[in-house]
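Working notes, beginning with the structure itself.
Numbering of residues begins at 1 and proceeds along the displayed sequence.
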Amino acid sequence: LPEEEQLKILRALTQYYNCYSQVYSIDSRKIGEITRIDISLSFENNTRAEEIVAFQTQMQEELGKQIDNCVINIIIHNK
C-alpha cells in the first residue's frame, strides 16, 4: 500500500493501543478493488473473545472511513 494508507493503519492502531498488548506484524495488500489488512496482535490473557471482536469492529469502522473497500483481519498471536 502507499505510505499514506500505511500511516492511516498505524494511526488507527495508536488510537486503540489500550485494546491489545503488542503488534507483531501488519500485512496489507490490494486485491482488485479491495484492500486487505492483516494485523497480528497479542492480547492480555484475560481478554475475552467479545472484546477482540469489538476491537476488530472498531478498527473496521475507523479504517473503513479512511480507506475505501478495506477488510480488517485480526490474527491473534500468542505471547
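- Of the possible donor and acceptor atoms, none in the side chain of Y20 sits under 3.5 Å from a partner among the backbone N and O of F55.
- With sequence neighbours left out, K30 forms a side-chain hydrogen bond (donor to acceptor under 3.5 Å, both in side chains) with T35.
- Taking the side chain as every heavy atom from C-beta outward, H77 and V23 never approach each other to under 4.5 Å.
- Judged as a side chain to side chain contact (heavy atoms under 4.5 Å, CB included), and not counting sequence neighbours, the contacts of S25 are D27, S40.
- For the salt bridge (Lys or Arg N to Asp or Glu O under 4.0 Å) condition, no pair includes a residue of residues 53-70, sequence neighbours left out.
- Among residues two or more places apart in sequence or in another chain, the salt bridge (Lys or Arg N to Asp or Glu O under 4.0 Å) test is passed with D38 by R29, R36.
- Using a 4.5 Å heavy-atom cutoff, the side chains of I9 and I26 are in contact.
- Clustering ILVMFWY residues whenever any of their side-chain heavy atoms sit less than 4.5 angstrom apart, transitively, puts I76 in a cluster other than the one holding V53.
- Listed by first and then second residue, the salt bridge (Lys or Arg N to Asp or Glu O under 4.0 Å) pairs that reach into residues 12-22 come to none, sequence neighbours excluded.
- Taken together through direct or relayed side-chain contacts under 4.5 Å among Ile, Leu, Val, Met, Phe, Trp and Tyr, L10 and M59 form part of one hydrophobic cluster.
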In a table with atom names and distances, give each donor-acceptor pair under 3.5 Å that connects a side chain of residues 1-8 to protein atoms at least two apart or in another chain.
from: Q6; atom 1: NE2; to: L1; atom 2: O; distance (Å): 2.6
from: K8; atom 1: NZ; to: Q66; atom 2: O; distance (Å): 3.1

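- Heavy atoms only, all atoms of each residue included: I72 and I39 are closest at CG2-CD1, 4.4 Å.
- Checked against side chain to side chain contact (heavy atoms under 4.5 Å, CB included), E51 has the following partners two or more places apart in sequence or in another chain: T47, R48.
- Taking Q22 as the reference, Y24, S42 meet the side chain to side chain contact (heavy atoms under 4.5 Å, CB included) condition, with sequence neighbours excluded.
- I34 forms part of a hydrophobic cluster together with V71, judged by ILVMFWY side-chain heavy-atom separations under 4.5 Å.
- In terms of heavy-atom proximity, E44 sits nearest to S21 at OE2-OG, 2.9 Å.
- The CD1 atom of I74 sits 5.0 Å away from atom CG of L41, with the distance rounded to the nearest 0.5 Å.
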